[in-house]
Amino acid sequence: MSKEYSPKDIEQKWQDIWDETGAFHASDDYTKPKYYALVEFPYPSGQGLHVGHPRPYTALDIIARKRRLQGYNVLYPMGWDAFGLPTENYAIKNKIHPKIVTANNVARFKGQLKSLGYSFDWSREINTTDPSYYKWTQWIFLKLYEKGLAYKSEMPINWCTSCKVGLANEEVVNGVCERCGSPVVRKVKSQWMLKITEYADRLIRDLDLVDYIEKVKVSQKNWIGRSEGAEVDFRLTGKDDVLRVYTTRPDTLFGATYMVISPEHPLIDKYKDELKNWDAVTEYREAAARKSDFERTELAKDKTGVCLDGITAVNPVTKKEIPIWISDYVLMSYGTGAIMAVPAHDERDWAFAKKFGLPIIEVVQGGNVEEAAFTDTETGILVNSDFLNGLEVKEAKQKITDWLTEQGIGHRKVNFKLRDWVFSRQRYWGEPIPIVHCEKCGFVPLPESELPLVLPEVESYMPTDNGESPLAAMKDWVKTTCPKCGGPAMRETDTMPQWAGSSWYFLLYTDPHNDREFASKEALDYWLPVAWYNGGMAHTTPHLLYSRFWHKFLYDQGLVPTPEPYQKRTSHGMILGENGEKMSKSRGNVVNPDDIVREFGADTLRTYEMFIGAFDLSASWSNEGVRGCRRFLDRVWKLQDMLTQEDGYSKGLETRVHETIKKVSQDYESLKFNTAIAAMMALVNDFYKAGRVTRGEYRTLLILLNPVAPHITEELFELAGFEGRIFTSSWPEWEEAKTVEKTVEIAVQIGGKVKATLMVGLDDEQSAIREKVMTIPAIANALAGRNIIKEIYVKGRIYNIVAK
RNA sequence: GCAGUCGUGGCGGAAUUGGCAUACGCGCUAGACUAAGGAUCUAGUCCGGGUUUCUGGGUAGGGGUUCAAGUCCCCUCGACUGCACCA
C-alpha cells in the first residue's frame, strides 16, 4: 500500500525543484518555436490574493505547461501593476510610505502565487513602480509629446469628489467614480491629454487582424463609437451665417422641421442681442449647467428645451424657415453641438416634437409617424422629398450627400464617441510627468539623460481640495531650471494615471534586464505579438484599448514589429460567493485561497477552479465542490496500488485512452477545462472498474493531468519510476483511428421514439444492420401490420424507421 | 429604452453542433469494511404508473420546420451582461 496523499509534503518540494532547475525560464535561444502566454499582472492590494485571481492564472498556466511539453519555448511572465490609489490611501491612513506598502504587498502576493505552483518565469518579474521601469513609461510619454500626441489643455474634466482626482471617461461609470462610487462633477482644469482619437479608426479597423472573443470586439467598437454621416450647413434667416449640424441621416433632410443646439453652443451668445426671450434662455442654460452628468442621464427620457425667439434657420432643401431650440439632449462634446431635428425618423426628436407641438413630416415610408418615429433604414422608401422620392434610404443618403457637396453646403463626415485620454492625476503615487514649464520656452520635455524623473519623498501624500497634486507642495522639487534655456522653470506636479504603466508592460517581459532600451529589437521581433492574452471584461475599455493605442504609436515609430500587441484575447468569468453574490467583506462570503491550499492543497484549488464551470461565465464557490476535486486527486493517488507491469495500453481501454488524450488536448485549447477534467475523471473511474492500470496508461494520465495539477502528477511520476520529470517529457499523441470503438451501440427508433438498442460494427452496411434490426422482437411487433415509409441510418448513432 | 447572451435533475453543469437528454462532480439512499466514520469501496439516484423484460411524460411557457429538436424559426415570460440622449 502506498502512503497517503499529503499535498503539504510534496507541493513545496516540487516548487523548489522547479525553481532550482529554472524549469520555466524562457530561453533566449530565438531559433526555437515560441509561445508568449500572458495574464494581466495584478495590482498588489493589501487584501492579498483573492480566489478570483487563480482562475485566469491557472487557465493560462495549463496552456503554458502544455506548450512546453509540445516543444515550445514558452514565455509566461508575471509582474506588478503597483501604482495606484488604494496603496496611496493605505499609506495615508497608516503613515507608511507607499513604497514600503507596495513592497510588503508584492511580497505577500508573490508568496501566495508561488504556493499555487504557477510556471511563471520569475526571473523576468517586473514592477511598474521601479524607477528603472517607469523611466521607460516616461520615455514613451516624451515620444508621444514629441509627436504632438500629448498636449495640455484647459477643459472641463470628470472630477471625483471623494478621491479628489480627475478621471478619464473610461473611469466614470453611470456618472459616478468607477473606484469609489462617489459623484463625479465637472471641473475645469488644465490637463495633460493623449490624442487617442487620432487612432480611433485604426483601433476599430485592426480588430479584424486579431482573434478576440466577440464580446470584447463589440465593446471596443461601441466605446470608440464610429458613425458615418454628413455635416450640413443651415443658413440663418436673413444673416450671412450658418449653423452647422452633424447627422447620420442626411436622407431625411426634407423632414427636418426644426433645429436643436446644445445649451453651451456659442451661437447663443453671438446672437444674444436679438433674442427676445433671453431670460428664459439664460435660466435654461444655468439649469443645464448645474446638472451633473449623472442627473443629465437619469432624467434622460423627459425632454426639456427652450425655443430661441428671434433667430431661425432655413432648411436648405425645402427652403422653409424653421425654429431653433436649445435642449440638453444635444451635447456640445459630440459632432458640432447642433442637430437638425427630424421627428418623423428619430425617437428623441419625435419625443421632443410631441412635447412641444412641432410639425412631424414623414419622408420615409413604412411606419406610422403619428404613433412613433420610424427609424428603420432597411425597408423604407423616400417620400415628400422631391428629387429623392422613390429611393431607398441607402441610395438617398448617397444622392443627397453628393448634392450637398456640389452645392458647397455639406460633406461626408465620420464621427467618433471616443474622446482624448485625460492623462493627468492629482495624486502622489504615480509616474511623474517629465515636463517642465519654463516662463520663456513654455512646455519643455526633460532630456532622455535625466530619466527617470524619480518621485521625490514628500511629507504628506494627502491630496488637496484645490485640485493640486501633493507634489505641488514640494517647493524645492518643483522649482527647477529649464533644460533648454537654463532659466527658471517649474516642474509638472500631476502624475500619470494607473493605466500608464500597464500600457506597455508586456513589451518589457521580452527583455527585462536591458538598460539601454526598453527591450531589444531581437527580443521584440522574436516574442511579439503576445500569442494569448487573458484578462477581465472590466479591462476591455480602459486597459486593452489604451495599450493597443500605445502599441500602435510605438509601431508607427518603428519601435515594435507588429501593429497589434495581442493576437488572441479571452476573458474569464467572476468567482462568486457560495450564495451566488459577489464576494466582499461586508457580505461575509469571501474565500481565502490560502485556507484552501492549507486544507486541500494547491492542486485541489487549481483543479476545482478549472472544474467549477464554463471559463467565461461567472461561477459560485462551493466548499463541497472543492472536496469532490480533492477526492478525485485522492483516487488518482491510489491508482499506484493498481499499477501493473505492462508498458502500453491494455486492449480493453486502448480506445478510451486515445479518446481521452484527444478530448483533453482539444478542450484545453478551447478553454473547456471543466469537460477536460470530467473526461479524466471518467477515465480514472474506468481504471477503478477494471481494478488495474498499466504503466503506459498511468503515465499518459499523469501527463494529461499535469498542467492542471502539477505537483501531485510530478510526485506520482517519480514514485512510479518513470524516466525524467514530467516537465522534461512530451505531450502524448493520439491516433485518430483508435479514438472510436469499432463496435458501437446504436438506438433503433420507430417514428423517432427509441424502441431498442443494438450492437453493430461501425463500418457495417445499412443493409446488414437492417437485417439485424428486423429480427428484434420489439421492433417486429411494433411494425406488424404497418407500412414502412422510410428508413434512416446515421452511422454509429441511430436507425430510424418511419411507418404508417 | 436599445443591443447581446442565456433559461436543462435537489445543486454546479455535460450533450461529437440536428441523432439514445442529464456525461462529470456535489448532495442523497442502501450495502460492504470497521471499535468508530463527516474516511474509503460497491450499487442506485429526471418525474410518474407497473416494478424482472414494461410504459407514459420530460430541457422556462406556447406554436412551427423535420424521419428526428435542449440544439433551427416565430411569439410570450424570466435572468444576466453591455450601452445609455453620441444625432
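Keep in mind that this is a model prediction, so the values were computed, not measured. What you see below is based on every heavy atom in this structure, not just the backbone, and it leaves out hydrogens, waters and symmetry mates. Just so it is clear: chains get the letters A, B, ... in the order the sequence lines come, proteins before strands, and each one is counted from 1.
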What is the separation between atom [atom1] on [X] and atom [atom2] on [N], rounded to the nearest whole Å?
X	N	atom1	atom2	result
A:E347	B:A84	CD	P	17 Å
A:K672	B:A23	NZ	C1'	13 Å
A:L576	B:C80	CG	C1'	11 Å
A:I801	B:C67	CD1	P	16 Å
A:Q220	B:C83	CD	P	12 Å
A:M332	B:A87	CE	P	15 Å
A:I677	B:A23	CD1	C1'	15 Å
A:F673	B:G13	CZ	C1'	16 Å

Quiz item: Between A:Y329 and B:A87, is there a side-chain N or O to OP1/OP2 distance below 4.0 Å?
Solution: no

Practice problem: Mind listing the residues from residues 606-617 of chain A sitting with a heavy atom below 4.0 Å of RNA chain B? Number order is fine. | Solution: A:F611, A:I612, A:A614

[options]: which one has an atom nearest the side-chain heavy atoms of [X]?
X	options	value
A:M681	B:G82, B:A23, B:G25	B:G25
A:A678	B:G19, B:A87, B:A23	B:A23
A:V330	B:A87, B:G1, B:G19	B:A87
A:A747	B:C20, B:C24, B:A87	B:C20

Practice problem: Specify the residue among A:N674 and A:G335 whose closest nucleotide of RNA chain B lies further upstream toward the 5′ end. | Solution: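 Per heavy-atom nearest nucleotide, the more 5' residue is A:N674.
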
Quiz item: In terms of the nearest nucleotide of RNA chain B, which residue is placed more toward the 5' end: A:R249 or A:W223?
Solution: A:W223

Quiz item: Are A:F352 and A:Y258 close enough that their ring centers fall under 6.0 Å?
Solution: yes

Quiz prompt | Criterion side-chain contact (heavy atoms from CB on, under 4.5 Å) against A:Y799, the qualifying member of A:L758, A:T757, A:V794, A:I746 | solution = A:I746

Pairs: protein N or O with nucleotides 36-43 of chain B N or O, under 3.5 Å:
unit_1 : atom_1 : unit_2 : atom_2 : d
B:U40  : O3'    : A:K638 : NZ     : 3.4
B:C41  : OP1    : A:R635 : NH1    : 2.9

Self-check item: No-hydrogen, no-angle side-chain donor-acceptor test under 3.5 Å, A:D349 and A:Y329
Solution: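 Note: A:D349 and A:Y329 side chains meet the donor-acceptor criterion.
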
Exercise. Indicate whether the side chain of A:S227 and that of A:Y334 have a donor and an acceptor atom separated by less than 3.5 Å.
Key: yes

So does [X] pair up with [Y], basic N to acidic O under 4.0 Å?
X	Y	result
A:E214	A:K217	no
A:D634	A:R631	no
A:K394	A:D251	no
A:R627	A:E624	yes

Using a cut-off of 4.0 Å on non-hydrogen atoms, how would the nucleic acid contact of [X] be classed: base, sugar-phosphate, or nothing?
X	value
A:E745	base
A:S227	sugar-phosphate
A:T675	sugar-phosphate
A:N415	nothing
A:N800	base

Heavy atoms, side chains only, cut-off 4.5 Å: are [X] and [Y] in contact?
X	Y	answer
A:D764	A:K772	yes
A:F356	A:W325	yes
A:L701	A:V693	no
A:R606	A:P707	no
A:R797	A:V744	no

Would you measure the distance from the [atom1] atom in [N] across to the matching atom in [M] and give it in whole Å?
N	M	atom1	result
B:A14	B:G58	P	24 Å
B:A60	B:A43	P	32 Å
B:A36	B:C26	C1'	25 Å
B:G25	B:C20	C1'	23 Å
B:C2	B:A23	P	40 Å
B:C54	B:U59	C1'	25 Å
B:C46	B:G70	C1'	14 Å
B:G48	B:C33	P	32 Å

Self-check item: N-glycosidic conformation, B:U51 - syn within 90 degrees of 0, else anti
Solution: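 This nucleotide is in anti.
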
Exercise. Using a 90° cut-off around 0 for syn, call B:G44 syn or anti.
Key: anti

Quiz item: Between A:F673 and A:Y668, how do the two ring planes meet: parallel, tilted or perpendicular, split at 30° and 60°?
Solution: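 Plane angle between 30° and 60°, so tilted.
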
Practice problem: May I ask you to verify whether the side chain of A:E624 and the base of B:C11 hold a donor-acceptor pair under 3.5 Å? | Solution: no

Self-check item: Pairing annotation in dot-bracket form, given for RNA chain B with Watson-Crick or G-U pairs under 3.5 Å and | for cross-strand partners
Solution: (((((((..(((......[....)))((((((.......))))))((((....))))..(((((..]....))))))))))))....

